[in-house]
Amino acid sequence: MLQGKVIVVGVCGGIAAYKIADVVSRLKKLQAEVHVIMTQSATEFITPLTLGTLSQNAVAVDMFWQTGDPHIHHIELAQRADLILIAPATANMVGKIANGIADDLLSTTVMAATVPLMLVPSMNVHMYENPIFQENLRKLRGHGYRIIEPASGHLACGDTGKGRLPEVEVIVQEVVDFLTRKQDLIGRRIIVTAGGTREALDPVRFISNRSTGKMGYAVAEAARNRGAEVILISAPTFLPPPAGVQVVSVTSAREMHAAVMEHFPDCDAVIKTAAVADYRPRVPAEQKIKKSDGPLVIELERNPDILYELGQRKNRQVLVGFAAETQDLTEYAREKIEKKNLDFIVANDVTREGAGFGTDTNIVSFIFPDGRVFPLPQMSKAEIADRILDEVVALPAWQRDI
Ligand code: CTP
């Protein structure tokens, strides 16, 4: 399953280090080429001899390690590997990486890496929950590091909580999924819009909606993972910009309109996850609006319907719309497909638990122009993003375009 794949396994000094012998052994059984780098403290928990024997490669420990083979050193490995997996990733190692410290062979290898990195943090629950550690983890996520969440349970130190190394099977499966994932969007350019636009009332206030951008960012990341060139046109969100994606930041619907139209002619698909305000204040006040005793009336005027306009202009591009509804989901979604000339729509009822704004999961249905409706169960937004892309690549319009 992993034949031809090169994996660097970085082992840090945590009690879970002994479990990595099993990870290495399983990766070898799947026919990966495995190179282990250990920190000095990891060697207190498990010996280089064990990991060297299992990986069938010399284990590297200190900075000035030499095998006698001039081609195998950390810089070369950091570029040749398909993946660097660090497990267990201690608070110390995460802190070093997040802050650009490279003072041992493993952290130096990471610093020089141009390949994907996957970290499996494992530590005491209080260390794991420490806000500084969490901040470091967020920073790494923002830079595109893949983090496998620790499991909860009884910890070696006697505490109970989150911090256990996930089961070896889980780690190996994550590696296999990552290394065998589809690369079916190479050479394709995809626009993803995300977030809720803001329409200014005055210099300090705006009208917006509850969109957090999570679904759109998940689509952008999934498309990037499958090899697409992604242009993420994003209204304001609190999410870190995904690594390896061109982010165009906009605020209002009209700014989003301009950005989408600029990139549209050269793209293969537009996935319009953004919640675009249909109306904006006709004349935003130049100065802050002062309260008075009577009611305040603000006149709103229509914003351009970006997706409708794309539907009129499209030639080869695939168009995917989103419909967030609170009632009559399918009926409204069907109307939108027809009116906006869409290839399909992703519809969700935002009133259902586990669906809608701000959650990490969603419950959606795909609705097609011929009336087919595919309801999906509750899933993570990342999984839904991949399902959306599966549908895009299955469309006759997409396949004709190759
Ligand atoms: N959309 C757009 N431009 C707008 C409004 C919406 O491109 N001005 C896109 C959204 O990104 C989404 C889809 O159209 O993909 C949503 O359709 P829409 O009919 O606008 O949804 P609602 O605003 O929820 O519709 P309605 O007000 O009719 O319920």
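Small disclaimer: the values here were computed from a predicted structure and weren't measured. Just follow the structure's listing: the first ligand is 1, and inside any ligand the first atom is 1.
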**Near ligand 1, at a heavy-atom separation below 4.0 Å: residues by chain and residue number** = K272, A274, V276, D278, P304, D305, I306, L307, G321, F322, K336, K340

**Item:** Over 12 non-hydrogen atoms of neighbours within 6.0 angstrom of CZ in R205
**Value:** yes

**Item:** SB check R280 E199 (cutoff 4.0 Å)
**Value:** no

**Asked** Under 4.0 Å between a Lys/Arg side-chain N and an Asp/Glu carboxylate O for D360 and K381?
**Response** no

**Prompt:** Going by an N to O cut-off under 4.0 Å, is there a salt bridge joining R181 and D177?
**Reply:** no

**Request:** Give a yes or no answer on whether the side chain of D159 reaches the backbone of L155 with a donor-acceptor pair at less than 3.5 Å.
**Result:** no

**Request:** Could you tell me whether F133 and Y128 have their ring centroids closer than 6.0 angstrom?
**Result:** yes

